[in-house]
There are 2 protein chains.
Amino acid sequence: MLFKIAAHRGRKSPSRIRRKNEQLILSAAEEEFARHGYKGASMNSIAVRAGLPKANIHYYFNSKLELYAAVLSRIIELWDGTLNKLKADDDPAVALPEYIAAKMRFSREQPLASRIFAIEILNGAPNLVGYFDEEYRRWFRSRTEVFRAWAQQGRIAPIDPAHLIFLLWSATQHYADFACQIRASIGKEELTDDDYDSATRTLTQVVLRGCGVLESEKRFSTGCTGTTGGG
Amino acid sequence: MLFKIAAHRGRKSPSRIRRKNEQLILSAAEEEFARHGYKGASMNSIAVRAGLPKANIHYYFNSKLELYAAVLSRIIELWDGTLNKLKADDDPAVALPEYIAAKMRFSREQPLASRIFAIEILNGAPNLVGYFDEEYRRWFRSRTEVFRAWAQQGRIAPIDPAHLIFLLWSATQHYADFACQIRASIGKEELTDDDYDSATRTLTQVVLRGCGVLESEKRFSTGCTGTTGGG
DNA sequence: GTCTATATGGGGATAGAC
DNA sequence: GTCTATCCCCATATAGAC
């Protein structure tokens, strides 16, 4: 089992100091892994950032890989849930903007988590073999069904649900993962709240209009689902 | 100067064997860097993949960093140009689909290049300091002007150009960079031509509709550019 | 639980024969 | 130009004193 945290074996509950140090280490590790990737981050730099001797890192997390797995595991917990809030009987004109806003907020507030996850995927997700399984596929399929239902009810245009989800994921995560290029493009040292607001507004606008939600809704009320199904 | 290839100093033209070996090494390096990142890739694994002794890699490219710079440089050459084809007096209904199709084709045909670039950006682009400069910013600004012109002429809805470009970049590159997650999501071992076609179609549809190009074009012919300008 | 000192291996780089 | 053998550093991991 990959995501088990190995430390404090055989104790009822972790001591306060243990919990504090584990949090310190995990935060430092997140920062280092996000900045340099798995190989690029060193246990030493993590220790320095955490303000602890290197050996203590090994005391709490037996190996570098276990520490990385713990970081990943923490990220995954943060991850899921947002997309689950979308329900077939929601109003897409309300639910979609909320989803986009939530994802953008995540990119703004947890860019490190987003980047670590992105690097892991880019490398072929070697440490997520237990995550991308049959259950994940079923979960994804259940999410596409929401969009399919909306389309069938004529509440959005008949759009391939899987690719629409990929569009939502990529466009929002881009602001965390490619922040450096974005800053260079618009010539700013740091992105401001206004930048994130206008990014959210633009994306929402394009997606809503692109799904036929913003204007001429009646156009899709004929119940046509037609040619573009299946992901 | 970062991107100069250091080998064959002081010769008029590289020999045939030199050129062949350099290509072998560059291709092998691309594969390894894309799979494991800069630190994660070893000169040894690159040598094995290229079918050459490790020392020869050092003979052609003095250091690992120089080899990596050469790989990056090759990618950048492939990169630019696509977005340059968009002109203010093009018809967005034609030019946008063409641009999306070109970017999707790139993700399909050069996924390794896309991934290496993505990893570099994710790590804060430490080796692209000479690339994301003032000139890059001016180039980007000139690209946003095309969209701004379209909006002013009422040919697309008044959408923030910078964020629209980011949307186009992220959504298309996603199919190269996150291919692994996409495969897991839709439950396929490999993405087919059909998958790429339907991805291209879906994205084109959403963007064109989202920009108000597909339907009710007259709606934006009032010359309103209004509230959403500026990147 | 904490920390210093050290063992061990991998990887970048080079010397030098051919 | 090519390739084997080797150097040396750095990073993970551990031993063992406190």
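In what follows, every chain begins at residue 1, and chains take the letters A, B, ... in the order their sequences are listed.
The distance from atom OG of B:Ser63 to atom NE2 of B:His58, rounded to the nearest 0.5 Å, is 7.0 Å.
Residues A:Glu22 and A:Phe61 have side chains in contact (heavy-atom distance under 4.5 Å, counting atoms from C-beta outward).
One finds a side-chain N or O of B:Tyr60 lying less than 4.0 angstrom from the OP1 or OP2 phosphate oxygen of D:dT2.
Residues passing the side-chain contact (heavy atoms from CB on, under 4.5 Å) test with B:Pro126, sequence neighbours excluded: B:Glu120, B:Asn123.
Summarising the geometry, the separation between CD on B:Glu66 and P on C:dG12 is reported as 15 Å, rounded to the nearest angstrom. In this entry the distance linking CD1 of B:Ile25 with C1' of D:dT2 reads 12 Å, nearest Å. Remark: P of C:dG12 and CD1 of B:Ile57 are 11 Å apart, rounded to the nearest angstrom.
Using modelled atom types, one finds no donor on one side chain facing an acceptor on the other under 3.5 Å when comparing A:Tyr60 with A:Glu66.
Between A:Glu32 and A:Arg49 a salt bridge is recorded (basic side-chain N to carboxylate O distance below 4.0 Å).
Contact between B:Phe132 and B:Phe117 at its shortest, heavy atoms only, is CZ-CZ, 4.4 Å.
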Base contacts versus sugar-phosphate-only contacts with protein, heavy atoms under 4.0 Å: please encode nucleotides 4-17 of chain D as B, S and - from 5' to 3'.
B-------BBB---
